[in-house]
Amino acid sequence: MEPALQQQADEQRVLDIIAIAQHRDQEALVRLFDYYVPKIRAFCLAKQPGANLMADDIAQEVMIRVWNKAHTYQKESASLNTWIFTVARNARIDYLRKNSRHQSDIDPENLWQDVVDENADPFKDMQHHRDQKRIKEGLDKLPQEQKQVLSKVYLEGKTHQEASEELSLPLGTIKSRIRLALHKLTIYIKR
Amino acid sequence: MTHYHPSVEMLTDYAAGSLPLTHALCVSTHIEHCHECQQQLRKLEILGSHLFDDVPTEPRRLDDLKQNLLSKLRKSDRVSDNSHPKESTESKLDAFLEDYSVPKSLRQFVKKSYDQLSWTRLSPSFKIATLYNEEGGAQVALTRVKAGAHMPSHTHTGDEITLVLEGAFSDEAGIYRKGDFIQRGANHKHKPIVTKDAECICLTVLDAPIEFTGWFTRLLNPLIRRHHPFTRAEG
């Protein structure tokens, strides 16, 4: 999609989430459903290929959370895509926790809650846009081998050890590819 | 000011949601008060959202799912009379009941105060309270050591994460203060000492039980093992 059209579509989705928060606008929810549900399903299927029922359940749960929590979305703190990604990630963790053989009592809702940035300043919005742009552009330029490892971790939800086994690479190589990638994306600065 | 943070790999797994929940509990508790890691997490989540946005989707008819969702929402909105879900005030009130403020991520296990937990005394200056035993997995516990006390010299038989919640302690490698996040591998042997000004409370996650190495404290090892889920699952 053209960048200008892309931006317009992104802005429309932000208006949609505001409309849900303010007037419980179902048409706005349907538009977000059409855009995000295929992505959420794909995100779940990346973790467990073929698990269509799980993908449907999680996608539905994410849309329910969007409907109920739309008023907590702050456009100054995160793009809508980032917000939906975190909601989907949390719903996936929760689903897997409740349906796994070893059920955990630790409630993920308490662990991945929205961190309120107390040092907020007027430049936050600007800085956020700059980070968004820098990470997006960096990701497009990343060598395939580094991108592949990031996808294993983020989309397939693999541990570094599992990624190392699946790609038949030493654990050290996986770790260094992740570090290199994060360094290029200016996410990781050696402390 | 926090000096010891989770590794970038661990933060990445946390942002991706692939970190085991016991480890995520420690990371989350650290992040609550670490501005630096909050910033890094924010960027790692932006990265996640771009990968999420690019994920290849498959064509599939989703009309049934959509209708099902909409009818569910109509029902739930009728029940809740169009109001937003109420925020719980319970945990906010509890924070005032004690001297120490319990981090949000721990309030599931520490309802009111550290004092009200069931502590097991392992020595005159060292107490432990188990928060959660994962079935066949890690143990999440709080340790409480008196000001100026030496903790018994011990070796880890698995990975250990320690997060300082109150006070400070030191070992051969450095001094650790409130908010510091320390990860130790198996076979790491150390002898921590709590600073003299205040008691030290830490959150610990042990993948396998620790083993005391002192001549007298070795007698405590069976007790420690009995409390750890890893040993119970084996036995």
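These numbers were taken from a predicted model, which means no experiment stands behind them. Scope of the values below: all heavy atoms of this structure, side chains included, with no hydrogens, waters or symmetry mates. Naming: A, B, ... by sequence-line order, numbering from 1 per chain.
Looking only at heavy-atom pairs under 4.5 Å with chain A, the residue among N68(B), L131(B), L73(B), V27(B) that has the most is L73(B). Most heavy-atom pairs under 4.5 Å with chain B, from the set E162(A), H160(A), M63(A), K175(A): that is H160(A). Listed options I64(A), I84(A), T159(A), I178(A) were ranked by heavy-atom pairs under 4.5 angstrom with chain B; first place goes to I64(A). The candidate with the highest count of non-hydrogen atom pairs below 4.5 Å against chain A, out of L19(B), D54(B), D53(B), is D53(B). Listed options E58(B), K72(B), H50(B), R74(B) were ranked by heavy-atom pairs under 4.5 angstrom with chain A; first place goes to H50(B). The residue among K47(A), K147(A), H128(A), R92(A) with the most heavy atom pairs within less than 4.5 Å of chain B is H128(A). Ranking V55(B), T12(B), L51(B) against chain A, the residue ahead of the rest is L51(B), based on heavy-atom pairs under 4.5 Å.
When atom types are taken as modelled, the side chain of Q108(B) and the backbone of D105(A) share a donor-acceptor pair closer than 3.5 angstrom. Listed for the S164(A) side chain is a donor-acceptor partner under 3.5 Å among the backbone atoms of L169(A). Side-chain atoms of Y73(A) do not come within 3.5 Å of backbone N or O of V66(A) as any donor-acceptor pair. Judged by distance alone, with hydrogens and angles left aside, the side-chain atoms of D180(B) form a donor-acceptor pair with the main-chain N or O of R177(B) at under 3.5 Å.
Using a cutoff of 4.0 Å between basic side-chain nitrogens and carboxylate oxygens, D94(A) and R65(A) are scored as salt-bridged. Salt bridge status for K98(A) with D57(A): absent, with no side-chain N to carboxylate O gap under 4.0 Å. Here E145(A) pairs with R177(A) in a salt bridge; the nearest charged N to carboxylate O distance falls below 4.0 Å. Between R144(B) and E166(B) there is no salt bridge, since none of the side-chain N atoms of the basic residue sits less than 4.0 Å from a carboxylate O of the acidic one. Taking the charged nitrogens against the carboxylate oxygens, D107(A) and R107(B) have no contact shorter than 4.0 Å, which rules out a salt bridge. Remark: D16(A) does not engage R13(A) in a salt bridge, criterion side-chain N to carboxylate O under 4.0 Å.
Contacts of L96(A) with chain B are absent, with no heavy-atom separation under 4.5 Å from either backbone or side chain. In this structure, chain B has a heavy atom under 4.5 Å from the side chain of L155(A), while its backbone stays farther away. Both the backbone and the side chain of I40(A) have a heavy atom closer than 4.5 Å to some heavy atom of chain B. When heavy atoms are compared at a cutoff of 4.5 Å, K158(A) approaches chain B solely by way of its backbone atoms N, CA, C and O. Of the atoms belonging to T22(B), heavy atoms from both backbone and side chain fall under 4.5 Å from chain A. In this structure, chain B has no heavy atom under 4.5 Å from any part of N90(A). I93(A) touches chain B through its side chain: at least one heavy atom from C-beta onward sits under 4.5 Å away, while N, CA, C and O do not. Of the atoms belonging to E45(B), heavy atoms from both backbone and side chain fall under 4.5 Å from chain A. The part of L139(A) that comes within reach of chain B is its side chain, from C-beta onward, which places non-hydrogen atoms under 4.5 angstrom from that chain. In this structure, the portions of Y14(B) lying under 4.5 Å from any heavy atom of chain A include both its backbone and its side chain. Contacts of P20(B) with chain A are absent, with no heavy-atom separation under 4.5 Å from either backbone or side chain.
Here the side chains of F33(A) and L65(B) are in contact, with some heavy-atom distance below 4.5 Å.
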